[in-house]
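What's counted below: heavy atoms across the whole structure, side chains too, no hydrogens, waters or symmetry copies.
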Number of protein chains: 2
Amino acid sequence: MKYVDKLRNSGLRPTKQRLQICEVLFNTEKTYHFTINDLALKIKNQLNNKISLATVYNTVHAFEKKGYLKQIPINSNQTYFDTNISDHHHFYDLKEEKLIDLENSDVGPINILKKINGKKIKSVEVLVKLED
Amino acid sequence: MKYVDKLRNSGLRPTKQRLQICEVLFNTEKTYHFTINDLALKIKNQLNNKISLATVYNTVHAFEKKGYLKQIPINSNQTYFDTNISDHHHFYDLKEEKLIDLENSDVGPINILKKINGKKIKSVEVLVKLED
DNA sequence: ACACTTTTTTAGAATCATTATAAACTACCA
DNA sequence: TGGTAGTTTATAATGATTCTAAAAAAGTGT
C-alpha cells in the first residue's frame, strides 16, 4: 500500500516527516521490532535528518491504532512495536533482552474456552520467555 | 508458607514493614492484580499505616524475582503484578482496562514448536484482549 | 543491657519515557 | 493567493520508577 494511503487511512495528512517515517518503517526487506527511541535514531542515521520525537510518537501511535503497527505486550520501561502485523507471537530472550518472532504455525492453535459476557476477543498474544 | 520464610527466601529480613506488606499481599481469600500504587493505597487503608514507596518497590521486586509474585506482561504505563502465581493467563478488557484471570484449563495446551539453540522456555504467557 | 556494625526505612531528588503545550510552519481548498 | 485547519517543533509537564543519603531499626558480641 502507498504510504500516502496508510497515512490517510490513519487520519494523518501525508507530510514530509510522516512520509520519511514510513520509509524507515515500511521500506524494508524484513520486519523488525523497535522502541520509539530506536526508531528516532534509525531515522536520524538512515535519512540524515532529525524528526522531532513528538512527531514520531504521534505517527507511530496513529499507525498502531489503525493496525499498521503492533504493540508487543512485554514488561519493559519502553514500549516495543513490531512492523510485522501478521498474526504471530514472540519469544523474549531474558538475558539478551531481545525479541524473536514466533510464527503462528510455530505455536499451534490456541483455543480460549472461557467466554466473557458481551465481550469478544480482539487478539490472542503469546509471550514465551527464554532463559539459558 | 509463613511470611518470615517468604521474606528470608527472597533475601530479605522480616521487618515490621515487610511483614505488613505480606499481610496485604497474601492474607486474602482471593488472589488479585495490582500496581505498586494500588498496593501502597491498600496498605494505607487496610493497615492505617503508610509505608514508603521505596520499601514497597523493593519488597515487591524481591518477591517477583523469587516467584512469590508474577508480573503480568501488558503494555501500560504502570507495571501490573499478580498474587496468583499458578500457571495461568489473562484476559485484558480494553474498555474497562481490567485484567481477568484465565485458568490454564481455559486455554488448553500450548505447544511451542520452534526451538532456540541453547535456550529453554521459562514461561509461556497468553494475553487475550477483549473488546465490546 | 550496652556499644557497635550492618541493614533498612524514608523523604525527597534524579531519571527517563511519554504526553502536553503553544508558537512557528505547512498543506489544503476556495 | 489567502485563509483556515492541521503539523512540526523545542521545550515543559507528568508520572512511574530508581537512586540517595541520613535517620532508624535490627543484629551481634560482650
Between [X] ([atom1]) and [N] ([atom2]), how many Å, whole number?
X        : N       : atom1 : atom2 : result
Leu12(A) : dC28(C) : CG    : P     : 12 Å
Gln78(B) : dC16(C) : CD    : P     : 20 Å
Leu19(B) : dT7(C)  : CG    : C1'   : 15 Å
Tyr80(B) : dT17(D) : OH    : P     : 10 Å
Phe81(B) : dT17(D) : CZ    : C1'   : 10 Å
Asn77(B) : dT15(C) : CG    : P     : 22 Å
Phe34(B) : dT17(D) : CZ    : P     : 11 Å
Gln20(A) : dT7(D)  : CD    : P     : 16 Å

Contact nearer the 5' end of DNA chain D, comparing Ala54(A) with Pro14(B): Ala54(A)
Residue whose nearest DNA chain D nucleotide is more 5′ - Ile36(B) or Asn49(A): Asn49(A)
To the closest 0.5 Å, what do you measure between NZ (Lys42(B)) and NZ (Lys44(B))? 15.5 Å
Is the phosphate of [N], meaning OP1 or OP2, less than 4.0 Å from a side-chain N or O of [X]?
X        : N       : result
Gln17(A) : dT9(D)  : yes
Arg13(A) : dA5(D)  : no
Thr15(A) : dT8(D)  : yes
Lys50(B) : dT9(C)  : no
His61(B) : dT18(D) : yes
Tyr57(A) : dT18(C) : yes

Consider only side-chain N and O atoms of [X] and [Y], and report whether a donor and an acceptor are under 3.5 Å apart.
X         : Y         : value
Ser123(A) : Glu125(A) : yes
Gln78(B)  : Asn37(B)  : no
His33(A)  : Asp38(A)  : no

From the set dT17(D), dT8(D), dT9(C), return the single nucleotide nearest to any side-chain atom of Thr55(B). dT9(C)
Closest to the Arg18(B) side chain, choosing from dC28(C), dT7(D), dT8(C): dT8(C)
Classify the nucleic acid contact of Thr35(B) as base, sugar-phosphate or nothing, counting any heavy atom under 4.0 Å across all strands shown. nothing
Not counting sequence neighbours, list each pair that qualifies as a ring-ring contact (aromatic ring centres under 6.0 Å, His included) and has a residue in residues 2-31 of chain A. Phe26(A)-Phe63(A)
